[in-house]
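The structure presented is a predicted model; accordingly, all values stated were derived computationally and were not measured.
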Amino acid sequence: MTASAETPPTTDAGTSRPSPTGPDSPAPSPTTLSLGGRNLTSAETTGLEKDALGTWGVFAQGLAAAAPSVAIAVVPFALYTAAGKGAAWAAIVGLVIALLIAGTIGFQARRTVSSGSLGTYTGNGLGPGFAFVAGTSLLLGYIGFATTGTLGGVLYVDAFLFEIGLGSEATWFKLLLVVIVVGVGIYLPLRGATLAARYELAFEVLALVSIAVIIIASYVAYGFRFDAEQLSLSNLGDSSTFVAAVTAVGAYAGFESVASLGAEARDAHRTIARALLRVVLIIGVLYLLATYPQVLHFDGFDGDKAVLPQLADDTGVAWINPVVSAAVAIAFIVFVTAVTTSAARSLFTLAHEGALPKVLAQAHPRYRTPWVGILLVGAVALVFAVVATFSSAGRLVFDVYGAYVANWGFLISYLLVVIATPIWLYRIKALTPVRAIVSGLAALGLGYVILNNVYPQPEWPFNVLPLVYAAILAVAVGWYLYLRRARPDVARRIGSIQTLSVEEHARLADLGIVEVLRADSDSTTDDHRRPDTDHFDAAARH
């Protein structure tokens, strides 16, 4: 693609809108960038609140979505359920892969941002079809985590109420807790990312401090000696370790949610790229410190009750249970708000691009949040938690299985983005040996984990759960194939909403790779027209 003969206009914070030349200049006409044959529309034009979150707000979103306190409360038990004493090695494998993934996503985030997150990044390298698959897969992961997080919140609220003598085994009481947790979980995202971020970091730290008492007690109760069986390298030759690694990677999943704030973060390209690695490093250390001692005490635990209170009883620090149950219950709710925030923005972006019903592209008139998507995610979480409440498997086990299916959504989305990133970097002449190696190792690590989860075949129900994910994804792929046939213009737009950084825009213009396409005047005369229709119609005409 050759650059336009016209000099690209100066951009504001990486948007594709040209800046006015003076105070009396007319409002700038919208523009669409053409990059590698794809027409890109600025993420800031979608109606979400611009510059809503700074460095700490973006970090808080990533930390809350990855939810280390929530993971410490449930993931070690999930790893133990799948891999037994191989749980610690599964956590290590997950950390290494998560770091490679975070680095790879950062290569793109420094150059372009979008509320479409990994779907958009996948599309940059592999095209709109894979953008839809990656975006939908990530969306399934977010919705899955919102639903299982809701159930986890119910379990810990229930545990707290029992600790203070207000609990009940009645079904109506459990259902009431479901409604309360879902209600709070959607209220904060509805009010805005800024409000949610104010609570996320504070409650996460509070929960981690209280959990630390139980973790330390676990070390002390076992004694100062190593569990050789857990640390044995033979666990790396056991396929069950890599079955558990799906959940382990899922434990780090959510860190990439910061990329969905591309339309709302200040200095987004720098802030998001840095937050990706910081979140993974911090939670990775916490997981490794917490998994090993918990596995020492899991034999005989009740699968229908919260893990940490049982662990506190087993290690002699039952007095901390009311504090931990309250803190983790709040952390679960905060976790639900964070993944709901990301899920709603994924729905919002796909709807703006025309791939989902237009109603999901509505921003709240006052709070400027994707309120329809938020309510939809809340409804799914409500149904899942109600079904789990009546399940004979036990709510905790039901939660583990649901999270395992959701983790596949993250795995496939991660795999696609680490394959797509070096391809895109090569096309824009930004691929270096280091970037190629990091992306390649991430792809190999993910591929190895995925292969070990299907061959040799794991035990039931872990042999069936990937098929559940695949069936849901197949429906989404079928919808995309329908769009390609019935609405090819819409299919081509998927992954097109993103904002290049000022520096990257200038670099690509110098290389003759990026081109600025001005919208026709008849589509820009009304400043109040919806940006999704204005920009997309203009892009289609060009």
Side-chain angles (χ1 to χ4, degrees), residues 63-64 66-81 83-95 98 152-153 155-160 162-164 200-232 235 244 247-248 251-252 278-303 305-332 334-335 396 400:
L63 192 69
S69 60
V70 169
I72 290 172
V74 297
V75 169
F77 183 79
L79 299 182
Y80 181 76
T81 299
K85 289 296 186 77
W89 278 110
I92 293 172
V93 170
L95 172 58
L155 284 171
Y156 274 89
V157 170
D158 200 13
F160 170 70
F162 268 105
E163 291 290 341
I164 62 175
E200 287 168 356
L201 191 59
F203 284 126
E204 193 61 41
V205 171
L206 174 63
L208 288 171
V209 169
S210 61
I211 290 171
V213 174
I214 299 177
I215 299 303
I216 292 172
S218 299
Y219 278 105
V220 173
Y222 183 72
F224 295 95
R225 64 186 188 277
F226 289 114
D227 181 4
E229 190 176 354
Q230 275 200 75
L231 301 176
S232 173
N235 289 312
T247 298
Y252 302 99
R278 288 173 179 171
V279 171
V280 170
L281 284 171
I282 289 174
I283 64 179
V285 171
L286 292 173
Y287 292 162
L288 295 179
L289 291 175
T291 298
Y292 171 83
Q294 288 195 63
V295 171
L296 300 173
H297 301 273
F298 278 151
D299 286 340
F301 272 30
D302 188 337
K305 294 182 179 179
V307 170
L308 289 179
Q310 296 183 75
L311 187 59
D313 292 340
D314 200 43
T315 56
V317 289
W319 55 269
I320 195 67
N321 276 340
V323 177
V324 170
S325 295
V328 175
I330 294 173
F332 260 107
V334 168
F335 167 61
L396 182 58
V400 169

Measuring only between side-chain heavy atoms, which start at C-beta, is [X] closer than 4.5 Å to [Y]?
X	Y	result
Leu296	Tyr219	no
Leu289	Ile215	no
Phe162	Val157	no
Pro68	Leu63	yes
Pro293	Tyr222	no

So which atom in [X] and which in [Y] form the shortest heavy-atom distance, rounded to 0.1 Å?
X	Y	result
Lys85	Asp227	NZ-OD2, 3.1 Å
Ala329	Gly153	CB-O, 4.4 Å
Leu311	Gln294	CD2-CG, 3.5 Å
Gly84	Val295	O-CG1, 4.3 Å

Backbone N or O of [Y] within a donor-acceptor pair of the [X] side chain at under 3.5 Å?
X	Y	result
Tyr156	Val324	no
Ser210	Ala207	yes
His297	Asp314	no
Gln230	Tyr292	yes
Glu204	Phe335	no

- Query: After noting the C-alpha distance and the side-chain angles of Val285 and Leu281, does the key distance pass the side-chain contact (heavy atoms from CB on, under 4.5 Å) rule?
  - Reply: CA-CA 6 Å; Val285 171; Leu281 284 171; 5.9 Å; no
Can you tell me how far apart [atom1] ([X]) and [atom2] ([Y]) are? Round to the nearest 0.5 Å.
X	Y	atom1	atom2	result
Asn321	Ile164	CG	CD1	13.0 Å
Ile283	Leu208	CD1	CG	10.5 Å
Ile72	Thr291	CD1	OG1	8.0 Å
Leu308	Ile214	CG	CD1	5.0 Å
Leu95	Tyr252	CG	OH	4.5 Å

